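Taking it in order: structure first as structure tokens, then the write-up.
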Amino acid sequence: MEKLLFTLVTLVLASSCSCRPSSCNVYPCPHYEVIETNEDFEERRYIDSDWVTTKMKNRDANSLMIGIKTLKAFGEKQKEAGRKYYDGWPALITIVEGDVPSTSLSWFLAPNPEAEITDSSITLEHKAPTTVYVRTYSGTPDPTTAEENKKILSEALVKAGKNFNPNISAGAHYESYFSLTHNNEIWIYSA
């Protein structure tokens, strides 16, 4: 039941974006250059970008719902205060493994945000330019499928001789739950 709820909430996160996904024609998305494309993954170089992030206490549907509610409230407060704030995509669920494991939910902010952080559970995160290995897959996103695609991507990176950080990965979500198609991504960062 919890897995089903997590899946449904994850699906509600997004609203349309793939190599320049269709939602990126409507909503701001982070800019990148494709460095290499092969059968199993794409290597992208993202420019610097800003994200609003909240930590999730656990990797479950309840924590995800709290994260979504927190970020939605943040966006509404920005708009109510008359600040320049645009909804952007993708929504990222980032998982860090290792000595200090963590899970966070981040929403992309359009360039030059005028965001003011007043909630201590939210951070404004500036990401420097970085290289990301991306595996795209379709279908309704769920944790099991995401893990399967992360494993496939990791194996493909090893086979291709790419250096990557095995302890950090992200699921990028673009479409709404009600979309007839789903373009999902797994991101693994270059080492």
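Since this is a predicted model, take the numbers as computed values, not measurements. Each residue takes its place number in the sequence, starting with 1.
- For Arg83, the salt bridge (Lys or Arg N to Asp or Glu O under 4.0 Å) test picks out Glu116, with sequence neighbours left out.
- For Leu92, the side-chain contact (heavy atoms from CB on, under 4.5 Å) partners two or more places apart in sequence, or in a different chain, are Trp51, Pro90, Thr94, Ser106, Lys127, Ala170, Ala172, Trp187, Tyr189.
- Taking Ser102 as the reference, Lys55, Val96 meet the side-chain contact (heavy atoms from CB on, under 4.5 Å) condition, with sequence neighbours excluded.
- Placement of Ile95 and Val134 in two distinct hydrophobic clusters is found when ILVMFWY residues are connected by side-chain heavy-atom separations under 4.5 Å, directly or transitively.
- The shortest non-hydrogen separation linking Ser49 to Phe108 is CB-CE1, 3.8 Å.
- Under the rule for a ring pair (Phe, Tyr, Trp, His ring centres under 6.0 Å), the partners of Phe74 that lie at least two apart in sequence or sit in another chain are Tyr85.
- In this structure, the separation between CD1 on Ile66 and CG on Asn58 is 9.0 Å, given to the nearest 0.5 Å.
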| said: Set out, in order, the CA-CA distance, both residues' side-chain angles and the distance that settles side-chain contact (heavy atoms from CB on, under 4.5 Å) for Val52 and Leu71, then state yes or no. | reply: CA-CA 8 Å; Val52 60; Leu71 294 181; 3.9 Å; yes
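- A donor-acceptor pair is defined here as one N or O able to donate and one able to accept, closer than 3.5 Å; no such pair exists between the side chain of Asn183 and the backbone of Thr136.
- In this structure Ser63 satisfies the side chain to side chain donor-acceptor pair (under 3.5 Å) test together with Asp60, sequence neighbours excluded.
- Interatomic distance, CD of Gln78 versus CG of Leu109, reported as 9.0 Å (0.5 Å rounding).
- For the pair Thr123 and Ile117, the minimum side-chain heavy-atom distance is 4.5 Å or more.
- Using a 4.5 Å cut-off between side-chain heavy atoms of Ile, Leu, Val, Met, Phe, Trp and Tyr, Val100 forms no hydrophobic cluster with any other residue.
- Residues forming a side chain to side chain donor-acceptor pair (under 3.5 Å) with Tyr46 (at least two apart in sequence, or on another chain): Arg44.
- In terms of the side chain to side chain donor-acceptor pair (under 3.5 Å) criterion, Thr37 has no residue partners (sequence neighbours excluded).
- Taking CD1 from Ile186 and CZ from Arg135, the interatomic distance works out to 9.5 Å, rounded to the nearest 0.5 Å.
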Can you give each donor-acceptor pair under 3.5 Å made by side-chain atoms of residues 153-165, sequence neighbours left out, with the distance rounded to 0.1 Å?
from   : atom 1 : to     : atom 2 : distance (Å)
Ser154 : OG     : Lys150 : O      : 3.0
Lys162 : NZ     : Glu36  : OE1    : 2.8
Lys162 : NZ     : Glu43  : OE1    : 2.9
Asn165 : OD1    : Asn167 : N      : 2.8

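- By the salt bridge (Lys or Arg N to Asp or Glu O under 4.0 Å) test, Glu97 is found to be paired with Arg59, residues two or more places apart in sequence or in another chain being considered.
- Partners of Thr145 by side chain to side chain donor-acceptor pair (under 3.5 Å), not counting sequence neighbours, listed by chain and number: Asp142.
- Sequence neighbours left out, the pairs with a member in residues 117-146 that pass ring pair (Phe, Tyr, Trp, His ring centres under 6.0 Å) are Phe41-Tyr133.
- Considering CG of Leu105 and OG1 of Thr53, their distance stands at 8.0 Å, rounded to 0.5 Å.
- The shortest distance between side-chain heavy atoms of Asp119 and Thr70 falls below 4.5 Å.
- Note that CG of Leu124 and CG of Asp50 are 5.5 Å apart. Values are rounded to the nearest 0.5 Å.
- Expressed to the nearest 0.5 Å, how far OG of Ser121 lies from NZ of Lys57 amounts to 9.5 Å.
- Put simply, the side chain of His173 reaches to within 4.5 Å of the side chain of Ile93, judged on heavy atoms.
- Both Ile168 and Val132 belong to a common hydrophobic cluster when Ile, Leu, Val, Met, Phe, Trp and Tyr are linked at side-chain heavy-atom distances under 4.5 angstrom.
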